[in-house]
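The basis for the numbers below is simple: all heavy atoms, side chains too, and nothing from hydrogens, waters or symmetry mates. So that the names make sense, note that chain A is the first sequence line, chain B the second, and so on, each numbered from 1.
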Protein chains: 4
Amino acid sequence: MKPSASRKPRAITGSAQTKRAAQGADRRSQILAAALDEFSLHGFEATRLDDVAKRAHVAKGTIYLYFKDKESLFQELLRAQIGPVIGMLEEVLAGGASVTKPMPLRELAYRVADLFVEQVIGTRRRDIVRLILTEGPRFPKLAEFYYREVVSRGLGAFRARAKRAVSEGELKSDTLVRFPHLIVAPALVSIIWKSMFDKFEPLDVKALMKAQIDILFDKEERS
Amino acid sequence: MKPSASRKPRAITGSAQTKRAAQGADRRSQILAAALDEFSLHGFEATRLDDVAKRAHVAKGTIYLYFKDKESLFQELLRAQIGPVIGMLEEVLAGGASVTKPMPLRELAYRVADLFVEQVIGTRRRDIVRLILTEGPRFPKLAEFYYREVVSRGLGAFRARAKRAVSEGELKSDTLVRFPHLIVAPALVSIIWKSMFDKFEPLDVKALMKAQIDILFDKEERS
Amino acid sequence: MKPSASRKPRAITGSAQTKRAAQGADRRSQILAAALDEFSLHGFEATRLDDVAKRAHVAKGTIYLYFKDKESLFQELLRAQIGPVIGMLEEVLAGGASVTKPMPLRELAYRVADLFVEQVIGTRRRDIVRLILTEGPRFPKLAEFYYREVVSRGLGAFRARAKRAVSEGELKSDTLVRFPHLIVAPALVSIIWKSMFDKFEPLDVKALMKAQIDILFDKEERS
Amino acid sequence: MKPSASRKPRAITGSAQTKRAAQGADRRSQILAAALDEFSLHGFEATRLDDVAKRAHVAKGTIYLYFKDKESLFQELLRAQIGPVIGMLEEVLAGGASVTKPMPLRELAYRVADLFVEQVIGTRRRDIVRLILTEGPRFPKLAEFYYREVVSRGLGAFRARAKRAVSEGELKSDTLVRFPHLIVAPALVSIIWKSMFDKFEPLDVKALMKAQIDILFDKEERS
DNA sequence: CATGAATGAGAGTTCATTCAT
DNA sequence: TATGAATGAACTCTCATTCAT
């Protein structure tokens, strides 16, 4: 029996009860972690709950104690992961916007790019984003949720900030006001490139992001 | 006759002969068209051949007269559609490169953008590209083929052209030499936006493409 | 088109009409021959009419011009092949029985054995017999037909002849009267051995048959 | 509950617990038994797993919990049944060979014949043997396994024993040394006869076996 | 809470049979 | 007569979901 096998013997103080409680509390996250692995690897349809269970060291039926069905597991997984992203996003944008003398937009852009490179591209979150991109069209609810909670907010905040930069002369054109998407474009390219072509031709994501920002801000530098 | 019974009644002018001929001649394309619809809607795994058959007004078994299996159908569909794209691509790039006094790179970029907007974004090909992006990671062969035939060639040609533009002073920085990806980035964003968020907030793809090009070429205009 | 491809150009005298007629007349036997090949190789269920057609250089539909369905083809094939066997059988038995001073039973047995070795074991007919043995239980009609036309007749004739041999002192015991099967037993063993174990350990069928006869007739010789 | 709903109501004494235990414990053998029935009736190809499942009072999918696929089910069925036969065989042969003053070969032959009549001809094992005979040619692995484990061993042991019988004068000729097959021949005939012709003309297998042995040992008796 | 054996609908695939040509 | 594209029922195998334990 795998599940029990994974319960390593603990110190004597860890009673069976404690063990139970600790595990019970964590079952959900074990399952979510395993689900992320499997969904990332195979996508929604091709993922077998059997494999998720195995990876989570849990019986198949256990999944149904925590999630209504496969789709719920999937959606809750993505929502759970989007949360922190929203948090990060708001934090950064707030940092750049709320003070009277805010940091320059360009500086802000660099920070967002760094954040993206460090917190997304190099991590499991990259897979999350890719899952949203690949499965989104098939889960309208998800796409809507994602648009409402992340996309529209993020672009909105950036747009507002860009507007101010224009009026204050930091930006000479209103391109970024009209198309804040341009700041995201290289990020998207990076995610897709990483998962499809990186083995043929590695991509320096950080440099790519910097290049786009520098271009957007009318000046060129080497990284 | 069962088969015909299940087909909708045609106009009286469509004789049995005509019907046969018409059908026999391009069952294959009927099936490919239906497959494109279904695969676009549901992705590879979630697509049922039953539905493809129904949509193509064909029996399930008929599919197997033209394609070895589901995967073959999928791959041949994509390859068949990639072909023309490669052709178009080469034509445009050739047109911009082979003459002694070639067209300016910026001009070339506009043309590629136009091509993209007209031949891809507004057509079924958009779904093809999206399928490649979303299913690519699960079909390594496909990703490799796509990299070899489209991506590396396209980027390579563009890179070469950009190098020349730099040496001739048309481009002031070598950013585009290092990251020709930037010319593609807004196209990618467009494809993904169209299929996920366009109903919430329509995107003017043409303007987006133009904006990026203008930025890349150091000058801003209104569309 | 395969069928026509297989029609080698003939001398000028062979008009299309002649060709047609000749082929038409033979289609049936072409199909039967091909069917024998395929059924022998794969058994009834596992044989595909497609392969039969291909082997016969005939379109699939053509088979249905000559045979009602797969089962008919199978049954008619076997019946067609049993015919000659019955003929041979009757001839030999008649030769041994009808004259006033008939040939000794042992002599007769040798002849039957030779016939078997030459006409069955070494030929396609071996496969026919094996097909009857292997598919018989699933085609009661066939088993019955085979019993009535071949088995009961053959054993009956042999039994009658053996009875006479006993009364005339040629045979000392009535074993062969009670169990004429014993004369057939080594033949059966041979057929099965040939198709299953011969590649591991070849069997000298002729010698085996002779050994059994010699034993049955109370005397032993080397072959 | 669907699953249990589809099972026939049992006697009141059969508690749910009992049911589960009984079923859980030997689902495998239920399936094997059902498989034997169906394969015997229709052969490998023509057998539908649906029918096996129905006969085993089990859902179709359950079969796949215990067997990889149809072929595995088939092979494991046969191997499982061959095991005991090998055991019996070795026992008998050992009993006849290992002592200083062994039992006469003829006696041994009688015993083997009895064993065959009681343990094979009158039981399900007869069908097993028939399956091996009929499907063997299409499952080379099976034929090889059967040859190696049963046929070559059985014939080898018998041959060795016969050689000794010759040197000790029990047998006057070396026929059985050269063709131990002859001792098996009537058994084969019996199996085939039983499954094809017994309803037209019953065969006294025991007497047939005895007759052949008596003939082989040069002396005739009535059964 | 947790299990995992059991379920059965549903998917891809095959192939005997038909029929317009 | 002959063709072979087309059909669709039937098959094997998978896997999300349930539930007795």
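Projected onto DNA chain E by closest heavy-atom contact, A:Gly61 and C:Lys68 fall at different nucleotides, the more 5' of which corresponds to A:Gly61. In this structure, A:Lys70 and D:Arg48 both approach DNA chain F, and ranking their closest nucleotides by distance from the 5' end singles out D:Arg48. Annotation: of the two residues near DNA chain F, A:Asp69 and B:Leu65, the 5′-most nearest-nucleotide partner is B:Leu65. Comparing C:Leu49 and D:Val58, the nucleotide of DNA chain E nearest to each residue sits closer to the 5' end for D:Val58.
Rounded to whole Å, atom P of F:dC11 lies 19 Å from atom CD of D:Glu71. The separation between D:Phe74 atom CZ and F:dT12 atom P is 14 Å, rounded to whole Å. In this entry the distance linking NE2 of C:His57 with P of F:dT1 reads 22 Å, nearest Å. Nucleotide F:dT1 holds its C1' atom 12 Å from the CD1 atom of C:Ile31, rounded to whole Å. Spacing between atom CD1 of D:Ile63 and atom P of F:dC11 amounts to 13 Å, rounded to whole angstrom units. Atom pair D:Asp50:CG and E:dG10:P shows a separation of 15 Å (rounding to whole Å applied). Residue A:Tyr64 contributes atom OH, which lies 9 Å from atom C1' of F:dT18 at whole-angstrom precision. Between the CD atom of B:Glu45 and the C1' atom of E:dG12 there is a distance of 11 Å, given to the nearest Å.
For A:Lys60 against F:dT17, a side-chain N or O and a base N or O form a donor-acceptor pair under 3.5 Å.
Base-pairing analysis of DNA chain F finds the following stems of at least three consecutive Watson-Crick or G-U pairs, with both pairing distances under 3.5 Å: E:2-21 with F:2-21.
One finds a salt bridge joining B:Arg138 and B:Glu135 here, because a Lys/Arg side-chain nitrogen approaches an Asp/Glu carboxylate oxygen to under 4.0 Å. Classification of B:Arg79 and B:Glu76 as a salt-bridged pair fails, no side-chain N sitting under 4.0 Å from a carboxylate O.
If you check every strand for non-hydrogen atoms under 4.0 Å, A:Thr47 touches sugar and phosphate atoms only.
Applying the salt bridge (charged side-chain N to carboxylate O under 4.0 Å, His left out) criterion to B:Asp50, with sequence neighbours excluded, gives B:Lys60. For A:Arg55, the salt bridge (charged side-chain N to carboxylate O under 4.0 Å, His left out) criterion is met by A:Asp37, A:Glu38, not counting sequence neighbours.
Residue B:Val52 comes nearest to B:Thr47 through the heavy atom pair CG2-CG2, 3.8 Å, listed as atom of the first residue, atom of the second, then distance. What you find for C:Ile132 and C:Pro137 is that their closest heavy atoms are O-CD, 4.4 Å.
A close approach under 4.0 Å does occur between a side-chain nitrogen or oxygen of C:Arg27 and OP1 or OP2 of F:dA2. For D:Tyr66, a side-chain nitrogen or oxygen approaches OP1 or OP2 of E:dA6 to under 4.0 Å.
The P atoms of E:dC1 and F:dT21 are separated by 22 Å, rounded to the nearest whole Å.
The main-chain N or O of B:Ser72 is found under 3.5 Å from a side-chain atom of B:Asp69 such that the two form a donor-acceptor pair.
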